[in-house]
Protein chains: 2
Amino acid sequence: MKISEAAAQSGLSVDTIRFYERAGLLPRLHRGADGHRVFTPTDLRWLRMFERLRATHMPLKVIQSYVELSREPDSALERRAILEAHRAELDTQQAQIDACRELLDEKIRHYDGLTTLAKPPKKAG
Amino acid sequence: MKISEAAAQSGLSVDTIRFYERAGLLPRLHRGADGHRVFTPTDLRWLRMFERLRATHMPLKVIQSYVELSREPDSALERRAILEAHRAELDTQQAQIDACRELLDEKIRHYDGLTTLAKPPKKAG
DNA sequence: CTAGCAGGGTGGAGTTACTCCAGGTCAAGC
DNA sequence: GCTTGACCTGGAGTAACTCCACCCTGCTAG
C-alpha cells in the first residue's frame, strides 16, 4: 500500500504521515525498490491510532514513547498507564466542550432575543 | 485590576494575555500612569470568553473577527453565525473524543486481559 | 520516441499559538 | 540606599503541522 492510500484510509494527510515517520513514529516502515514508502496493514492500524490520539491532542512525544515501549516486552503496564492518563485527559476536554457549549448557547440565545425584539418595532420595550 | 489578577481570574497566563493584546483581541485595554495594563470587569469577561473559545480551539483570527464585529452595531447576525459555527465544531470534537475513548477502552481492556491472564501461570492457555 | 503529467521523494521555509527569557523600569519594604 | 518583586518590551524557541520548490520515475498520447 502506498502513501496516498494510507493517507486516505487513516484520515491523515500525506505530509503528516511523512512528518510522523521523520518523528520516529513508524520505525518499522519499509521502502520499495523505487524508494517509495510501503505501508502494511499493521502500519495502517498504527496510523489510525495516531489519528485518534492526535485528534484529541496527545503530544507526539507521548505517542512516540508509546511506540517505543511497544517494541519492548514487559512494558504492558507502562503502555496501559499512558492510555489511562489520556483517558483522563479526555474527561478534561469533555468538560471544556461542555463549558464552551454553555457559553455559546447563552450568547446565541442573547442574539436571538435581540432579533426577535427588533422585528416587532414596539412591544413592551 | 492588574495583569496577574486578570490571569488568575481568567485561567489564562500573563504571557498569553499580553500575546492576545498584541494580537488585537483587547482593543479597549487601558494603561495606568506607570504604563501597566489596567483590566476592567469587561476586559475580564472578554478574557474568560477567550479562554473558553481557545480551550475548544477556535482560531485566534476568528476570535479577532468576532471582537471587531462586536465594535460595530448591526453585526448581531454575523456574530451569531460565528458562534453557531463553533457550536457545530464542538460536536465534531465531541465525536473525536468519543472515538478516542472507544479506542482507549478497548486497548486498556486488552492490557487488563494480558495481566489477568499472566497472573495465573496456566489457565486454558 | 519524446513530451507531458501524476505521483512519489527530499529539504527547508512558513504558520499558529503560545512560552520562555534577557534586560529595563519603578514602587515598596527593610 | 538597596533589594525585591511585579510589571514592561522585544525577541527567540517550540509543537505540529502545512506548503513549497525542486528532483526522479513510470506511463500514456501523439
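Note that these values count all heavy atoms, side chains included, but never hydrogens, waters or copies made by symmetry. Below, chain A is the first sequence line, B the second, and so on; all start at residue 1.
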May I have the distance from [X] (atom [atom1]) to [N] (atom [atom2]), rounded to whole angstrom?
X: D34(A); N: dA6(C); atom1: CG; atom2: C1'; result: 14 Å
X: H36(A); N: dG7(C); atom1: NE2; atom2: C1'; result: 7 Å
X: L25(B); N: dA17(C); atom1: CG; atom2: P; result: 10 Å
X: F19(B); N: dG13(D); atom1: CZ; atom2: P; result: 17 Å
X: I3(B); N: dG5(D); atom1: CD1; atom2: C1'; result: 15 Å
X: L26(A); N: dG9(C); atom1: CG; atom2: C1'; result: 16 Å
X: L53(A); N: dA16(D); atom1: CG; atom2: C1'; result: 15 Å
X: H57(A); N: dC18(C); atom1: NE2; atom2: P; result: 12 Å

Is any side-chain N of the basic residue among R87(A) and D105(B) closer than 4.0 Å to the acidic one's carboxylate O?
-> yes
Should the pair R31(B)-E21(B) be classified as a salt bridge under the 4.0 Å nitrogen-to-oxygen rule?
-> yes
I want to verify a distance call: between [options], whose nearest atom is closest to the [X] side chain?
X: K61(A); options: dG8(C), dA15(D), dC7(D); value: dA15(D)
X: R31(B); options: dA16(D), dT10(C), dT9(D); value: dT9(D)
X: L60(B); options: dG9(C), dC7(D), dA17(C); value: dA17(C)
X: R54(A); options: dA17(C), dA16(D), dG10(D); value: dA16(D)
X: D15(B); options: dT19(C), dC17(D), dC18(C); value: dT19(C)
X: R22(B); options: dC18(C), dC7(D), dG10(D); value: dG10(D)
X: P59(A); options: dA16(D), dC18(C), dC20(C); value: dA16(D)
X: S4(B); options: dT9(D), dC7(D), dA16(D); value: dC7(D)

Would you mind classifying the nucleic acid contact of F50(B) as base, sugar-phosphate or nothing, using non-hydrogen atoms under 4.0 angstrom?
-> nothing
How would you label the contact of R18(A) with the nucleic acid (heavy atoms, under 4.0 Å): base, sugar-phosphate, or nothing?
-> base
Indicate yes or no: at least one non-hydrogen side-chain atom of F50(A) is less than 4.5 angstrom from one of I17(A).
-> no
Close side-chain approach of Q94(A) and Q94(B), heavy atoms under 4.5 Å | yes
Can you see if the side chain of [X] gets near the phosphate of [N] - specifically, an N or O under 4.0 Å from OP1 or OP2?
X: Y20(A); N: dA16(D); result: no
X: R37(A); N: dG8(C); result: no
X: T16(A); N: dT18(D); result: yes

Residue pairs passing the side-chain hydrogen bond (donor to acceptor under 3.5 Å, both in side chains) test with at least one member in residues 46-56 of chain A, sequence neighbours excluded, are T56(A)-H86(A)
Is the number of heavy atoms from other residues, nucleotides or ligands under 6.0 Å of H30(A) NE2 greater than 12?
-> no
